[in-house]
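Since the structure comes first, as structure tokens, the remarks are kept for the end.
Keep in mind that this is a model prediction, so the values were computed, not measured.
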Amino acid sequence: MGNESPTPNQLFTEAIVFWAIGFVIYVGRIVARIIANGSYKRLFVDDYVMTATFAIYTTLLVLIQISARYATNLMDPNDYHTVLADPKQVSDRIYGSKIVIGVEQCMLVSTWGVKTCMLMLYWRMTQNLKSNLYIKILAIYVAVGFVVIMVTYYAVYCRPFSQYWAMPVDNMQCATYQYYSITQAVFNISSDAVMFAIPIPLLIKAQLKRRRKVVLIGVMSLGLFTIIAAILNKYFNFASPFTTTYQIWYIREASTAIYVANLMCWWPLLRKLFGLKAFQYNSNRGQRPGNPNNQNSGSYSDNSQSRPSVTFPRSWKPPCRRGNKSSPPGKYRGAQRSSTEPINRPDTQFMNDMHRIEAVPLDVWTKKEDLKTDTSITQNSLNSLEKQCDVQLDGKQHARSPH
């Protein structure tokens, strides 16, 4: 493949297969977000960015199919005499060279659109964490890289701009795109590597169930293939400059990036398809929520998205519940209900509220000490309540006893 250009049929087959998979994953992302937010009107900004990116990605695949049927102004200098003598070949090569400009721009915008979506997702996940600063720095680096690539493409490497489709070409950089490819590769591969490296330590330290960690790290590891595809793309671009082998790697690189960015948002859809219990296995007890055996008093679940719960028999009532007679009954009952509601709130109800894993900052996952503190505060409150009731009961018994 390295010394021969892929045939139009090969490019068409790969484009159809990769696009079909990407379309299913993209639709799954949108459906998952609608399930999580309750309406299509509540989509996040990165969902709209991904919609535009997917449209540009589709345009990229279409332009690659057109480009595969036309030659460009990149050719062996020994063939100049033959090509220039045929006006039809000259016209076709000029048209093919203009299509390549569209291919390069669609590839650049779709790649940076995926980066934008991933940065928005990471920014929400790392709020209140030190890693959030790294995300901001990376976002600035990605933005600067995009500006540098666009400026050098339009105003530096090939002047005048019409040389990109000139026949014959005066500046070979307008036909080989070598300087442009080097600049694009530096910013693209380096930003992808940093973007891949930042969340992995956070997920390893996060208080998530092991299989959820494995799934998340597995999805994000697909980003490695995106980096490998980008490297191979530039390798064939330099090793075989007179072939279009790079286009088949454009398809693979752009498609894999689309997969990774959309699969990260599939949790609500997976919970809807396979049920809530499949995604909240209680690894601490070895039991699933909803099991009657889990309804013991004083039970504690160490789930990543659960709160400590202490349940009491329905017949149990604090003996000093009638102690404050000055407060109105309705108001007292409301206050009592609100104070005990977090204690008796079931874990499954809390999981229903936490329907978007990417909307939960990772500091909530990692602060296990806060969970222990909440448990100690709850139990200290119960102990104080019992001591207060015992004091009141002792006072009443002492008052009734004969002197």
Side-chain angles (χ1 to χ4, degrees), residues 18-62 105-129 131-132 135-136 138-140 142-143 146 188 191-192 195-196 198-199 202-203 208 212 215-223 226 253-274 276 279 305 351-362 364-365:
F18 278 97
W19 183 88
I21 298 173
F23 180 75
V24 171
I25 297 176
Y26 162 74
V27 172
R29 171 203 179 102
I30 300 301
V31 172
R33 284 292 172 80
I34 293 174
I35 292 174
N37 298 339
S39 172
Y40 70 92
K41 297 181 180 179
R42 299 177 181 176
L43 296 176
F44 292 150
V45 175
D46 53 319
D47 296 322
Y48 294 103
V49 174
M50 176 53 67
T51 300
T53 301
F54 193 85
I56 296 172
Y57 160 73
T58 303
T59 305
L60 167 68
L61 300 186
V62 173
Q105 291 303 292
C106 287
M107 182 64 187
L108 179 65
V109 175
S110 63
T111 302
W112 257 252
V114 170
K115 293 179 191 293
T116 302
C117 293
M118 295 297 291
L119 287 171
M120 289 181 178
L121 175 62
Y122 290 164
W123 181 83
R124 288 199 301 270
M125 292 173 62
T126 58
Q127 291 184 37
N128 303 322
L129 287 178
S131 303
N132 191 259
I135 299 299
K136 294 177 181 178
L138 178 59
I140 295 174
V142 170
F146 182 80
N188 182 31
S191 60
D192 279 349
M195 197 174 300
F196 171 76
I198 287 178
L202 297 177
L203 291 176
L208 289 173
R212 179 172 292 184
V215 172
L216 281 173
I217 294 177
V219 170
M220 296 180 64
S221 297
L222 292 176
T226 305
E253 178 186 353
S255 300
T256 309
I258 291 287
Y259 299 167
V260 175
N262 288 306
L263 282 173
M264 292 290 292
C265 306
W266 264 49
W267 285 115
L269 179 60
L270 294 177
R271 288 176 53 206
K272 186 73 173 179
L273 292 176
F274 300 105
L276 178 65
F279 290 89
Q305 290 183 339
M351 277 295 297
N352 288 332
D353 295 338
M354 306 302 292
H355 49 256
R356 295 190 302 271
I357 188 171
E358 71 274 10
V360 183
L362 282 178
V364 177
W365 299 351

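Applying the salt bridge (charged side-chain N to carboxylate O under 4.0 Å, His left out) rule to Asp46 yields the partners Arg29, Arg33, Arg124; only residues at least two apart in sequence or on another chain are considered. Remark: Phe23 pairs with Trp19 by the ring-ring contact (aromatic ring centres under 6.0 Å, His included) rule, at least two apart or across chains.
You'll find the side chain of Thr58 reaches within 4.5 Å of the side chain of Phe54, heavy atoms only. Residues Phe44 and Val49 have side chains not in contact (no heavy-atom distance under 4.5 Å, counting atoms from C-beta outward). Side-chain contact between Val27 and Val31 is present, with at least one heavy-atom pair separated by less than 4.5 Å. Side-chain contact between Tyr122 and Met195 is present, with heavy atoms from C-beta onward closer than 4.5 Å. Counting heavy atoms from C-beta on, the side chains of Met120 and Thr116 come closer than 4.5 Å. Counting heavy atoms from C-beta on, the side chains of Trp112 and Asn188 come closer than 4.5 Å. For the pair Met118 and Val260, the minimum side-chain heavy-atom distance is below 4.5 Å.
Between the side chains of Tyr259 and Thr226, no donor-acceptor pair is found at a separation under 3.5 Å. Using a 3.5 Å distance cut-off with no hydrogens or angles, the side chains of Thr51 and Tyr26 do pair a donor with an acceptor.
With values rounded to the nearest 0.5 angstrom, Cys117 atom SG is found 9.0 Å from Leu121 atom CG. Between atom CG of residue Asn132 and atom CE of residue Met125 there is a gap of 11.5 Å, rounded to the nearest 0.5 Å. Interatomic distance, CD1 of Ile140 versus CD1 of Ile135, reported as 12.0 Å (0.5 Å rounding). Of the inter-residue distances, the one linking Thr126 atom OG1 with Lys136 atom NZ reads 8.5 Å to the nearest 0.5 angstrom.
Looking at every heavy atom in both residues, Thr53 comes nearest to Ser110 through CG2-O, 3.4 Å. Nearest heavy atoms, Ile30 versus Leu43: O-CD2, 4.4 Å. Between Met107 and Thr111, the closest heavy-atom pair is O-OG1, 2.7 Å. Between Cys265 and Ala261, the shortest heavy-atom contact is SG-O, 4.0 Å. Of all the heavy atoms in Ile258 and Met50, the pair that sits closest is CD1-SD, 4.1 Å. Among all heavy-atom pairs drawn from Tyr57 and Ser255, the shortest one is OH-OG, 2.7 Å.
Sorted by first and then second residue, the salt bridge (charged side-chain N to carboxylate O under 4.0 Å, His left out) pairs with a member in residues 255-267 form an empty list; sequence neighbours excluded.
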Test Val142 against Leu138 for side-chain contact (heavy atoms from CB on, under 4.5 Å), laying out the working first. CA-CA 6 Å; Val142 170; Leu138 178 59; 4.2 Å; yes
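Within a 6.0 Å radius of OH in Tyr48, other residues, nucleotides and ligands contribute more than 12 heavy atoms.
At distances below 3.5 Å, not a single donor-acceptor pair connects side-chain atoms of Asn262 with backbone N or O atoms of Ile25.
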